[in-house]
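I have placed the structure first, in the form of structure tokens, so that the comments after it can refer back to it.
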Amino acid sequence: VTTQGRLDGFFTVL
Amino acid sequence: MFEARLDSSVTLKKVLEAIKDLLNDASFDCSDTGIQLQAMDNSHVSLVSLTLKSDGFDKYRCDRNITMGMNLASMVKILKCANNDDTVTIKAQDDADTVTFMFESKKQDKISDYAMKLMNLDQEHLGIPDTDFSCVIRMPSIEFARICRDLAQFGESIGIACTKEGVKFSASGDIGSANVKIAQTSNFEKEEESVTIEMQEPVALTFACQYLNSFTKATPLSPQVQLSMSDNVPLVVEYTVPELGHIRYYLAPKIEE
């Protein structure tokens, strides 16, 4: 089973 | 005062086509270096990063940094009013609440302008870390679009596995399974048709078809696409916007549970 990952956490909020 | 002109509106039309599926509204950050747009889709699965450099425009002036929040569907409606070879000029006063698109025919016998209301979007600016990718694949953009379209018939996900031998795209579902293998080309004479793979370590990741197919809307911009992959980081799908800059899509992989 695969679930869709999210981008939150990959990028830093400037 | 902000003013940016392109000799033919078709480039702007193509850029809009490439982002309108993923974003409803977007902030265009304008400075003396050019126009930047960076936004995640509503579900935070993908991010679009667009860079249009000021020196790529036929005329560019930006006295003060401005951020213009635009509804992309409205922008598409306005750009449809331009012929592909019309000159387009985007204009806004400092602190304006509207942006104006002016279209001029090549013969200078028709000039039209369309004003569009700007939006306050209050979008976050995100820092994108530099990544040394395990695999960087360059291939014809039409081929990548074809593979994404074909494999989407089989399932919701596409596996992309890169080794030094080549790249394997795969999908499976109710009707069966599909595998497409692309080998690195040895003929470098036609750069546009070449497939090149820079591999530090093999990588195999799975991505949602729906997003990959949205990214391929950028195909008319560039004959080549670049796919950059590493474990545990987003896929980067990059198209060059000729003479102007690039559009990069970031996509979170699917996670095996």
Side-chain angles (χ1 to χ4, degrees), chain A, chain B residues 22-23 27 29 36 38-49 67 122-131 133 155-160 170-173 204-212 214-215 228-237 248-257:
Chain A
V1 179
T2 57
T3 54
Q4 177 60 59
R6 298 278 178 273
L7 288 177
D8 306 285
F10 283 121
F11 304 123
T12 50
V13 179
L14 299 176
Chain B
L22 294 159
L23 308 171
S27 287
D29 295 318
Q36 283 264 2
Q38 196 196 74
M40 284 201 223
D41 70 283
N42 284 336
S43 55
H44 287 204
V45 170
S46 71
L47 177 137
V48 179
S49 174
T67 295
D122 198 27
Q123 276 178 348
E124 283 175 336
H125 284 76
L126 299 170
I128 299 172
D130 283 330
T131 305
F133 288 98
E156 291 175 357
S157 304
I158 294 181
I160 307 178
S170 52
S172 61
L205 293 167
T206 304
F207 302 99
C209 283
Q210 177 204 336
Y211 287 93
L212 294 174
S214 292
F215 302 165
S228 304
M229 298 202 299
S230 282
D231 278 334
N232 304 316
V233 302
L235 164 76
V236 186
V237 179
R248 288 187 188 134
Y249 303 96
Y250 294 78
L251 177 60
K254 290 205 165 186
I255 303 160
E256 298 277 352
E257 303 243 322

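Chain naming here is simple, since letters A, B, ... match the order of the sequence lines and numbering starts at 1 in each.
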### Task
Indicate the atoms forming the closest heavy-atom contact of B/S43 with A/R6, along with that distance.
O-CD, 3.1 Å
#### Entry: Heavy-atom side-chain contact between A/T2 and B/I255 under 4.5 Å
no
### Summary
OG of B/S46 to CD of A/Q4, rounded to nearest 0.5 Å, is 9.0 Å
### Query
Does any heavy atom of chain A fall under 4.5 Å from the side chain of B/F207, the backbone, both, or neither of them?
neither
### Query
Is there side-chain contact between A/F10 and B/Y250, with at least one heavy-atom pair below 4.5 Å?
no
### Which atoms of B/E256 approach chain A - backbone, side chain, both or neither, heavy atom under 4.5 Å
both
### Distance (rounded to the nearest 0.5 Å) between B/I128 CD1 and A/T12 OG1
9.0 Å
### Message
Can you give me the closest heavy-atom contact between A/L7 and B/L47, atom names plus distance?
### Response
CD1-N, 3.4 Å
